[in-house]
Amino acid sequence: MAVGPGDYYLIDAPESIGDGFSFSGGKYADGPSKSDEWFAQGRMVKAHPVYGTKGKAKDPIFGLTMGAESQSSDDVFRWFCVEAGSSSNPSVLFIHGFPSQAYSYRNVLPVVSEKYHAIAFDWLGFGFSDKPQPNYGFDYTLDEYTSSLESLINAVAPDKLSIVVQGYFAPIVVKYANEHQDKLNHLVLVNPPITDKHAKLPSTLACFSNFLLGEIFSQDPLRASDKALTSSGPYMMKEDDAMVYRRPYLVSGSSGFALNAISRAMKKDLKVYTESMRNILSSDSWKTKTTVCWGLRDRWLNYDGVEDFFGSANYKILELPMAGHHVQEDRGEELGNLVKRILRGQNVPKFG
């Protein structure tokens, strides 16, 4: 049964409730918002068991018991998923980058759903999905994300599917795909970190991993959401869209603590995962059809070395000259049409 965002977020609380370290509680806008409308399009999917809970989660700053948003689910995590198109059509799973939400694919899904069953989801720690306090059921390590992705895919796309993944979560998806090649029809990588330089987070994201300051910065709704997104490319985000990205940080400190933990995990293990992705994609054992799309105005991941690696491995690179790092946010409709042509095996035009 579908539930409204108020069942998980304290949007309509009559007064500020708080959860130890957050901007929680209170109503920040009158009437329906884009966030409400987006939530109404999706559903909560249970996938991946909760391991090793240690009682009620407490915030690391004051030691106070966190609110419901920071507590692990009883047994299985809840993921927010949006689906478009007939379930009888071939499935395409759209996976957002870091930091972002499934909402970034809002202009892609309607285009692709004409011929495919299009699915987008929020990673644990993002959007409307569960955001347990680190060390209380989920620690946001890259290994945990890999295993949890398998659980989610088994829940939403039990048969064969294609995957489109953007940004820093690409190495996690490639690791999953390498172990399940028989399940994949096609893999589309959108601005993935592929070189050694890419394995170092930009300062805009690295700041969230810093001791103490990272905890503070990750609780700033503007710094942690739309400002991080717009710093990576030529974006002119509308205010109502920006509010969708800010909302998780406005209503609970759990989003900020999750962002802090993910940033530290990326800082620690992204290089190893990126090296592994290069090895997988250049291996003779890799048989999955793979296409690379690249927004040339990416301010986080430099294009230097991208053509050298993918070209030498005989992968097709499709350039989007006017797009930045988050291609689906910047040029959503174009990316949707591009994906459709890729999956159909058609010739792909250049976008300007």
Side-chain angles (χ1 to χ4, degrees), residues 42-52 72-73 75-83 90-105 108-109 117-132 134 137-194 258-259 261-263 265-266 268-270 272-277 279-281 286 288-290 328 339:
R43 64 187 177 104
M44 303 303 293
V45 174
K46 287 191 173 184
H48 196 62
V50 177
Y51 295 116
S72 296
S73 300
D75 52 358
V76 181
F77 288 113
R78 299 167 303 185
W79 307 61
F80 177 68
C81 298
V82 173
E83 301 173 67
S91 293
V92 185
L93 185 66
F94 290 90
I95 302 179
H96 70 78
F98 167 66
S100 189
Q101 298 179 29
Y103 184 73
S104 64
Y105 286 108
V108 177
L109 298 184
H117 179 213
I119 310 165
F121 69 90
D122 288 331
W123 283 106
L124 294 178
F126 294 93
F128 288 111
S129 290
D130 277 352
K131 306 170 192 68
F138 196 80
D139 291 341
Y140 300 98
T141 67
L142 304 196
D143 287 345
E144 284 179 305
Y145 270 121
T146 304
S147 60
S148 66
L149 175 63
E150 179 177 0
S151 299
L152 178 70
I153 289 177
N154 289 339
V156 299
D159 300 319
K160 295 195 71 170
L161 77 160
S162 296
I163 295 179
V164 179
V165 57
Q166 179 271 325
Y168 288 103
F169 279 113
I172 291 170
V173 174
V174 170
K175 182 177 180 179
Y176 162 82
N178 187 49
E179 299 170 356
H180 302 85
Q181 292 196 58
D182 58 334
K183 191 173 175 66
L184 266 70
N185 292 317
H186 207 119
L187 176 66
V188 180
L189 302 173
V190 183
N191 286 56
I194 197 66
L259 177 62
I262 298 164
S263 301
M266 288 279 183
K268 177 177 179 289
D269 293 327
L270 183 59
V272 173
Y273 264 71
T274 299
E275 291 174 350
S276 174
M277 180 168 68
N279 291 335
I280 291 171
L281 295 176
W286 179 255
T288 302
K289 294 179 183 177
T290 305
Q328 71 274 27
V339 168

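Counting from 1, the numbers follow the sequence of the chain as shown.
Under the side chain to side chain contact (heavy atoms under 4.5 Å, CB included) criterion, E150 pairs with N154, Y176, H180, not counting sequence neighbours. Evaluation of the side chain to side chain contact (heavy atoms under 4.5 Å, CB included) rule for N279 yields no partner, not counting sequence neighbours. With sequence neighbours left out, the salt bridge (Lys or Arg N to Asp or Glu O under 4.0 Å) criterion links K183 to no other residue. Every residue two or more places apart in sequence or in another chain that forms a side chain to side chain contact (heavy atoms under 4.5 Å, CB included) with A170 is listed here: V165, L189, P192, P193, M277. Residues that satisfy the side chain to side chain donor-acceptor pair (under 3.5 Å) test with S151, not counting sequence neighbours, are H48.
For the atom pair D269 CG and Y145 OH, the distance stands at 13.0 Å (nearest 0.5 Å). With values rounded to the nearest 0.5 angstrom, K268 atom NZ is found 8.0 Å from T141 atom OG1. Residue L142 holds its CG atom at 9.5 Å from CD1 of I262, rounded to the nearest 0.5 Å. For the atom pair L187 CG and L281 CG, the distance stands at 7.5 Å (nearest 0.5 Å). Note that OG of S276 and CG of L270 are 11.5 Å apart. Values are rounded to the nearest 0.5 Å. With values rounded to the nearest 0.5 angstrom, T288 atom OG1 is found 10.0 Å from I280 atom CD1.
Nearest heavy atoms, L161 versus A157: CD1-CB, 4.0 Å. Contact record, A265 with Y140: CB-O, 3.3 Å, taken as the closest heavy-atom pair. Residues W79 and A47 come closest through the heavy atom pair NE1-O, 2.8 Å. A pairwise comparison of heavy atoms in C81 and V45 identifies SG-CG2, 3.8 Å as the closest pair.
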Determine, stepwise, if the pair F94 / V339 fulfils side chain to side chain contact (heavy atoms under 4.5 Å, CB included). CA-CA 10 Å; F94 290 90; V339 168; 4.3 Å; yes

What do the steps show when you test Q181 against W286 for side chain to side chain contact (heavy atoms under 4.5 Å, CB included), and what is the final call? CA-CA 8 Å; Q181 292 196 58; W286 179 255; 3.8 Å; yes

Starting from the C-alpha separation in whole Å, work towards a yes-or-no answer on side chain to side chain contact (heavy atoms under 4.5 Å, CB included) for T290 and V174. CA-CA 10 Å; T290 305; V174 170; over 6 Å; no

Determine, stepwise, if the pair M44 / F80 fulfils side chain to side chain contact (heavy atoms under 4.5 Å, CB included). CA-CA 5 Å; M44 303 303 293; F80 177 68; 3.9 Å; yes

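Looking at Q328, its side chain never comes within 3.5 Å of a backbone N or O of S104 through a donor-acceptor pair.
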N/O donor-acceptor pairs under 3.5 Å from side chains in residues 119-128, not counting sequence neighbours:
{"from": "D122", "atom 1": "OD1", "to": "A102", "atom 2": "N", "distance (Å)": "2.7"}
{"from": "D122", "atom 1": "OD2", "to": "F128", "atom 2": "N", "distance (Å)": "2.9"}
{"from": "W123", "atom 1": "NE1", "to": "H96", "atom 2": "O", "distance (Å)": "3.2"}

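The shortest side-chain heavy-atom distance between F169 and M266 falls under the 4.5 Å cut-off. Inter-residue side-chain proximity for Y168 and P99 is flagged as unmet; no heavy-atom pair is nearer than 4.5 Å. Residues K289 and N185 have side chains not in contact (no heavy-atom distance under 4.5 Å, counting atoms from C-beta outward). In this structure, F138 and V50 have side chains that are not in contact, with every pair of non-hydrogen atoms separated by 4.5 Å or more.
Atom NZ of K160 sits in a crowded spot, with more than 12 heavy atoms from other residues, nucleotides or ligands closer than 6.0 Å.
For the pairing with Q166, the side chain to side chain contact (heavy atoms under 4.5 Å, CB included) check across V173, I95, V190, V188 returns one residue only, V190.
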